[in-house]
Amino acid sequence: MPAGSELMLVGHSLGGLTAMNLASDPDLAGEFRVTHVVTLGSPIDNKRPADHTTQVISLVNKHDVIPMLDGRGPASPNDIPDSWVELAWLDESYDYPLSHAPQAYSDSLRGELAHYRDRVNDLIRRYDGEITHNQPYMLRDR
(Lines give C-alpha, C1' and ligand atoms only; values in the text may rest on other atoms or scores of the structure.)
Protein backbone atom coordinates (compact mmCIF):
# COMPACT_ATOMS: atom_id res chain seq x y z
CA MET A 1 0.00 0.00 0.00
CA PRO A 2 1.29 3.44 -0.78
CA ALA A 3 2.13 5.72 2.12
CA GLY A 4 -0.84 7.86 3.04
CA SER A 5 -3.38 5.13 2.19
CA GLU A 6 -6.50 4.91 4.28
CA LEU A 7 -7.12 1.59 5.93
CA MET A 8 -9.51 -0.17 8.24
CA LEU A 9 -8.25 -2.80 10.66
CA VAL A 10 -10.65 -5.60 11.64
CA GLY A 11 -10.07 -8.46 14.04
CA HIS A 12 -11.66 -11.03 16.32
CA SER A 13 -10.25 -11.79 19.78
CA LEU A 14 -6.43 -11.49 19.66
CA GLY A 15 -6.82 -10.20 16.11
CA GLY A 16 -8.87 -7.26 17.41
CA LEU A 17 -6.32 -6.60 20.13
CA THR A 18 -3.61 -6.68 17.46
CA ALA A 19 -5.64 -4.29 15.29
CA MET A 20 -5.81 -1.83 18.21
CA ASN A 21 -2.09 -2.25 18.91
CA LEU A 22 -1.35 -1.46 15.26
CA ALA A 23 -3.65 1.58 15.35
CA SER A 24 -1.84 2.71 18.53
CA ASP A 25 1.56 2.60 16.82
CA PRO A 26 2.67 6.16 15.98
CA ASP A 27 4.94 4.85 13.19
CA LEU A 28 2.03 3.10 11.45
CA ALA A 29 -0.22 6.13 12.02
CA GLY A 30 2.50 8.31 10.50
CA GLU A 31 2.63 6.25 7.33
CA PHE A 32 -1.05 5.33 6.88
CA ARG A 33 -4.37 6.84 7.85
CA VAL A 34 -6.14 4.29 10.07
CA THR A 35 -9.74 5.43 9.67
CA HIS A 36 -11.48 2.55 11.49
CA VAL A 37 -10.75 -0.27 13.89
CA VAL A 38 -13.49 -2.89 14.17
CA THR A 39 -13.13 -5.56 16.85
CA LEU A 40 -15.22 -8.56 17.84
CA GLY A 41 -14.74 -10.20 21.22
CA SER A 42 -11.54 -8.29 22.00
CA PRO A 43 -10.26 -6.78 25.27
CA ILE A 44 -9.39 -3.31 23.90
CA ASP A 45 -10.84 -0.86 26.41
CA ASN A 46 -7.45 0.24 27.77
CA LYS A 47 -6.05 0.88 24.26
CA ARG A 48 -6.17 4.14 22.30
CA PRO A 49 -5.39 4.74 18.62
CA ALA A 50 -2.50 7.10 17.85
CA ASP A 51 -4.84 9.20 15.70
CA HIS A 52 -7.71 10.52 17.81
CA THR A 53 -9.95 10.63 14.71
CA THR A 54 -9.80 6.86 14.20
CA GLN A 55 -13.31 5.43 14.61
CA VAL A 56 -13.29 2.47 16.99
CA ILE A 57 -16.18 0.00 16.79
CA SER A 58 -16.27 -2.80 19.37
CA LEU A 59 -18.74 -5.69 19.14
CA VAL A 60 -19.19 -7.63 22.37
CA ASN A 61 -21.24 -10.68 23.28
CA LYS A 62 -21.71 -10.18 27.03
CA HIS A 63 -21.55 -13.94 27.58
CA ASP A 64 -18.03 -13.92 26.10
CA VAL A 65 -15.42 -13.60 28.86
CA ILE A 66 -12.55 -12.59 26.55
CA PRO A 67 -13.56 -8.93 26.00
CA MET A 68 -13.66 -8.51 29.79
CA LEU A 69 -10.00 -9.52 30.24
CA ASP A 70 -8.99 -5.86 30.18
CA GLY A 71 -10.59 -5.52 33.61
CA ARG A 72 -13.49 -3.36 32.54
CA GLY A 73 -16.35 -3.26 34.99
CA PRO A 74 -18.15 -0.95 37.41
CA ALA A 75 -14.94 0.10 39.18
CA SER A 76 -12.70 0.02 36.12
CA PRO A 77 -10.46 2.93 35.16
CA ASN A 78 -10.92 1.89 31.52
CA ASP A 79 -14.05 3.75 30.49
CA ILE A 80 -14.19 3.98 26.74
CA PRO A 81 -14.17 7.36 24.99
CA ASP A 82 -17.52 8.86 24.01
CA SER A 83 -16.45 8.74 20.35
CA TRP A 84 -16.20 4.92 20.35
CA VAL A 85 -19.11 2.76 19.30
CA GLU A 86 -19.62 -0.28 21.47
CA LEU A 87 -22.42 -2.63 20.53
CA ALA A 88 -23.03 -5.27 23.19
CA TRP A 89 -25.64 -7.98 23.59
CA LEU A 90 -26.52 -11.20 25.33
CA ASP A 91 -27.09 -14.13 23.01
CA GLU A 92 -28.00 -17.77 23.45
CA SER A 93 -24.38 -19.01 23.65
CA TYR A 94 -23.90 -18.93 27.41
CA ASP A 95 -20.75 -21.02 27.67
CA TYR A 96 -17.17 -20.22 26.75
CA PRO A 97 -15.74 -21.05 24.21
CA LEU A 98 -18.98 -21.12 22.21
CA SER A 99 -19.80 -17.54 23.24
CA HIS A 100 -16.41 -16.41 21.90
CA ALA A 101 -16.50 -18.24 18.58
CA PRO A 102 -16.47 -16.09 15.43
CA GLN A 103 -19.48 -18.09 14.24
CA ALA A 104 -21.47 -17.03 17.34
CA TYR A 105 -20.75 -13.37 16.53
CA SER A 106 -21.60 -13.92 12.88
CA ASP A 107 -24.84 -15.73 13.69
CA SER A 108 -25.94 -12.95 16.06
CA LEU A 109 -25.21 -10.22 13.52
CA ARG A 110 -27.00 -12.11 10.73
CA GLY A 111 -30.01 -12.84 12.95
CA GLU A 112 -31.83 -10.77 15.51
CA LEU A 113 -28.99 -8.24 15.73
CA ALA A 114 -28.98 -7.40 12.02
CA HIS A 115 -29.64 -3.79 13.05
CA TYR A 116 -26.17 -3.77 14.71
CA ARG A 117 -24.65 -5.12 11.49
CA ASP A 118 -26.46 -2.39 9.55
CA ARG A 119 -25.13 0.28 11.95
CA VAL A 120 -21.55 -0.95 11.54
CA ASN A 121 -22.00 -1.07 7.76
CA ASP A 122 -23.19 2.55 7.83
CA LEU A 123 -20.11 3.54 9.84
CA ILE A 124 -17.72 1.86 7.39
CA ARG A 125 -19.64 2.82 4.22
CA ARG A 126 -16.56 4.55 2.76
CA TYR A 127 -15.11 1.09 2.18
CA ASP A 128 -18.03 -0.04 0.01
CA GLY A 129 -17.00 -0.90 -3.51
CA GLU A 130 -14.37 -3.06 -5.10
CA ILE A 131 -11.99 -4.77 -2.71
CA THR A 132 -8.46 -4.00 -3.87
CA HIS A 133 -6.56 -5.86 -1.15
CA ASN A 134 -7.41 -8.14 1.74
CA GLN A 135 -4.78 -9.75 3.93
CA PRO A 136 -5.96 -12.15 6.63
CA TYR A 137 -3.49 -13.24 9.30
CA MET A 138 -3.66 -15.98 11.88
CA LEU A 139 -1.83 -15.25 15.11
CA ARG A 140 -0.60 -18.09 17.23
CA ASP A 141 2.00 -18.96 19.82
CA ARG A 142 4.88 -21.19 18.81
- Task: Report the residues that fulfil salt bridge (charged side-chain N to carboxylate O under 4.0 Å, His left out) with Glu6, sequence neighbours left out, ordered by chain and then residue number.
- Result: Arg126
- Out of Thr54, Val10, Ile124, which one pairs with His36 under the side chain to side chain contact (heavy atoms under 4.5 Å, CB included) rule? Ile124
- Would you say the side chain of Ile44 lies within less than 4.5 Å of the side chain of Ser58, judging by non-hydrogen atoms? yes
- Item | Partner residues of Ser83 under the side chain to side chain donor-acceptor pair (under 3.5 Å) criterion, sequence neighbours left out | none
- Task: Can you run down the side-chain hydrogen bond (donor to acceptor under 3.5 Å, both in side chains) pairs that involve residues 16-29, sequence neighbours left out, and say none if there aren't any?
- Result: Asn21-Lys47
- Can you sort out the partners of Thr35 under side chain to side chain donor-acceptor pair (under 3.5 Å), two or more places apart, ordered by chain and number? Tyr127
- For Arg33, does the CZ atom have more than 12 heavy-atom neighbours from other residues, nucleotides or ligands under 6.0 Å away? yes
- Task: May I ask you to decide if Pro2's main-chain N or O and Ser5's side chain share a donor-acceptor pair within less than 3.5 Å?
- Result: yes
- Message: Met68 vs Val60, test: side chain to side chain contact (heavy atoms under 4.5 Å, CB included). Steps then yes/no.
- Response: CA-CA 9 Å; Met68 309 314 163; Val60 177; 3.8 Å; yes
- Query: His100: what forms a side chain to side chain donor-acceptor pair (under 3.5 Å) with it, not counting sequence neighbours?
  - Reply: Ser13, Asp64
- Note: Asp70 and Pro67 closest approach over all heavy atoms is OD1-O, 3.4 Å
- Message: According to a hydrophobic-cluster definition based on side-chain heavy atoms being under 4.5 Å apart (Ile, Leu, Val, Met, Phe, Trp, Tyr only), do Leu113 and Leu90 belong together?
- Response: no
- Smallest separation among heavy atoms of Gly41 and Tyr105, with atom names: CA-OH, 3.2 Å
- Query: Counting only heavy atoms not in His52, do more than 12 fall under 6.0 Å of its NE2?
  - Reply: no
- Query: If two hydrophobic side chains count as joined below 4.5 Å and joins carry through other members, does Val85 share a cluster with Val38?
  - Reply: yes
- Smallest heavy-atom separation, Ser99 atom then Ala104 atom, equals O-CB, 4.3 Å
- Item | Joint cluster assignment, Leu14 & Leu40, ILVMFWY side-chain distance < 4.5 Å | no
- With no hydrogens and no angle check, do the side chains of Asp91 and Asn61 hold a donor and an acceptor under 3.5 Å apart? yes
- Message: So, taking the atom named CD1 in Ile80 and the one named CG in Asn46, what distance separates them when rounded to the nearest 0.5 Å?
- Response: 12.5 Å
- Item | Joint cluster assignment, Leu17 & Trp84, ILVMFWY side-chain distance < 4.5 Å | yes
- Show your reasoning for whether side chain to side chain contact (heavy atoms under 4.5 Å, CB included) applies to Val56 and Met20. CA-CA 9 Å; Val56 176; Met20 277 299 286; 4.1 Å; yes
- Kindly indicate whether the side chain of Ile57, heavy atoms from C-beta on, has any atom under 4.5 Å from the side chain of Leu123. yes
- Query: Looking at Arg117 and Leu109, what are the two nearest heavy atoms and their distance?
  - Reply: NH1-O, 3.1 Å
- Under the salt bridge (charged side-chain N to carboxylate O under 4.0 Å, His left out) test, which residues partner Asp128, sequence neighbours left out? Arg125
- Shortest non-hydrogen pair, Tyr116 vs Ala88, comes out as OH-O, 3.3 Å
- Message: Would Leu28 and Val34 count as a side chain to side chain contact (heavy atoms under 4.5 Å, CB included) here? Give the steps.
- Response: CA-CA 8 Å; Leu28 183 95; Val34 180; 3.8 Å; yes
- Item | Min side-chain heavy-atom separation Arg119-Asn121 under 4.5 Å | no
- Message: Could you check whether atom CD of Glu86 has more than 12 heavy atoms from other residues, nucleotides or ligands sitting under 6.0 Å from it?
- Response: yes
- Message: With clusters defined by side-chain heavy atoms of hydrophobic residues (ILVMFWY) lying less than 4.5 Å apart, directly or transitively, does Val37 cluster with Phe32?
- Response: yes
